[in-house]
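Working notes, beginning with the structure itself.
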Amino acid sequence: MTLSDANALLRSIPAMDDLLNAPWAAEFSSSLGRENVKKIIEETLDEIRREIGAGNSPTKVGVTSGGVKAGLPVEELVVIRATTLLRLKSSSTLKPVVNATGVVIHTNLGRAPLADEAIAAVNEIAGTYSTLEYDPGKGGRGGRNVHVEWLLCRLTGAEAALVVNNNAAAVLLALSATASGRELIVSSGELVEIGDSFRIPEILSFSGAKMIAVGCTNSTRISDYRNAITENTAVLLKVHPSNYRIEGFVKTTAREELAELAAERGLVFMEDLGSGLLGLLGVPGPLGADLANRECSVRNCLEAGSGIVTFSGDKLLGGPQIGVIAGSKKLIDKMKSHQLLRALRVDKMTLAAFEATLRLHLSGRQGSIPVIGMIETDKPALLEMARRLCRMLKRTAACNAVPRTVNPGAGDFTIAVVETEDAIGGGSFPTDLLPGFGVAISSPSFSAETLAAGLRTAFVPVIPAIREGRVILHVRTLLPGDEKLIAASFVSALSRDVAG
Ligand SMILES: *Cc1c(COP(=O)(O)O)cnc(C)c1O
């Protein structure tokens, strides 16, 4: 591009006022505010000027930025790029997606979808004043914790319980109250990074406790703990190996032995359980029995002698993001009066959702909590769901077949029911896969990656898995109504692929 071409292009950029007053821009002023619309148009113009300055003709660059065809007048390019940005900024980024990954507790997708009863409770409390910290009988200040403490004690057998923002906060508060300025002994095999960067050693350091790691990665004996105890030791800590499992020769120390040692030496025995299993999961078949043997419920851990246990509310419990500390009343009382609690306390909407979820567990209706229902769904029911989804997608593909003159082969879909391996996720049962079913889609005319990207970026994003060159939609993690959303996103993925 010559200098005079560049200058001509720069001169053809319309004036800001004209752009701002054009109907396509004015339309966004009501939602974004005129100043913000102006800012976005300015950014668009700057970008186009930079491209011209660098010797690129933006009307050609436009081909790669947003699918704009070459040879476009600059004014049109401005409008297309600015409206794309304005639309993006006008819509929320936190929005519902369809989880077709088969991973039930998916941290990136918001972990546990709430039960209807929990959603209703949030709805009731969110827009009104409430008894959050008010005791109507006394006519004065009450405590936030009272709303869930009794329920947690009944469900776990604990003497006392306290809730905070999440399990990381629960570990932090529990250790700050019991081990600050003192020593804490933990097995080096348990010093792991859990999920999205929960690193036990770092949380420990914030609590002011000095960490003494004992044993080696695959073997820690009770004598290792005993030999490390000094007059400065306050806590023995056991951490649940949530998202990893060391296979082969492994020697871990039983909680009963640790509890006995802690009692003998006047120490606190604390356990970070992570997943917060409240009762038996009704997983069908031999896998169910196997899981029951390995994952300790909160109640069993406390009965085996753990003084304090910490766990999340949005893993196997199936509630909102929250952290629970349950166990000895004497220790929990110390945490209740700790200043740190003020920074970690729980919001009213979370408490409302959590209380309602706990009541479902208490009344034996935990099967209606989505994550528990999904984990307990048996193979015949999953097969039926997969067959229904398969039929729907075959119909959708047939009705939306693109004429072969436009895109040869676009109608050639292979859509079939397949067996899948699903997972509980969220660090629970790391190596146990649940047998399930799904629908596999493949086509010679576009890759699994292209189809998956089309589904993920549809109006309602559908998040699938990809296996052996096929898109797989696992049905275990679908919620009621998701099948229709998948069909709609499938249509949009097809039409976009053809247009692009
Ligand atoms: C998941 C998990 C955590 C972190 O819990 P959050 O609720 O995400 O803060 C900590 N410890 C263990 C053992 C876990 O499994």
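Numbering of ligands and ligand atoms starts at 1, following listing order. Bear in mind the structure is a predicted one, so any value in this text is a computation, not a measurement.
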For this session: Please determine if Ser275 has a nitrogen or oxygen closer than 3.5 Å to a nitrogen or oxygen of ligand 1.
Result: no
Exercise. Counting only heavy atoms not in Glu260, do more than 12 fall under 6.0 Å of its CD?
Worked result: no
Exercise. Heavy-atom count around Glu421 CD within 6.0 Å, excluding the residue itself: above 12?
Worked result: no
Exercise. If we only count N/O pairs under 3.5 Å, is His240 in contact with ligand 1?
Worked result: no
For this session: Record the part of Arg111 in heavy-atom contact with ligand 1 below 4.0 Å; permitted values are side chain, backbone, both and neither.
Result: side chain
Problem set entry | No-hydrogen, no-angle side-chain donor-acceptor test under 3.5 Å, Asn232 and Thr230 | no
Exercise. Hey, is ligand 1 close enough to Asp314 that some N/O pair sits below 3.5 Å?
Worked result: no
Exercise. Just distances here: any N/O of Val239 and N/O of ligand 1 closer than 3.5 Å?
Worked result: no
For this session: Specify side chain, backbone, both or neither for Lys315, according to which of its non-hydrogen atoms lie closer than 4.0 Å to ligand 1.
Result: side chain
For this session: Go through the side-chain N and O atoms of Asp422 and His474 and say whether any donor and acceptor fall under 3.5 Å apart.
Result: yes
For this session: Heavy-atom contacts with Ser312 under 4.0 Å: which atoms of ligand 1 show up? List them by number with element.
Result: 5 (O), 6 (P), 7 (O)
Exercise. Are there more than 12 heavy atoms of other residues, nucleotides or ligands under 6.0 Å from atom OH of Tyr134?
Worked result: yes
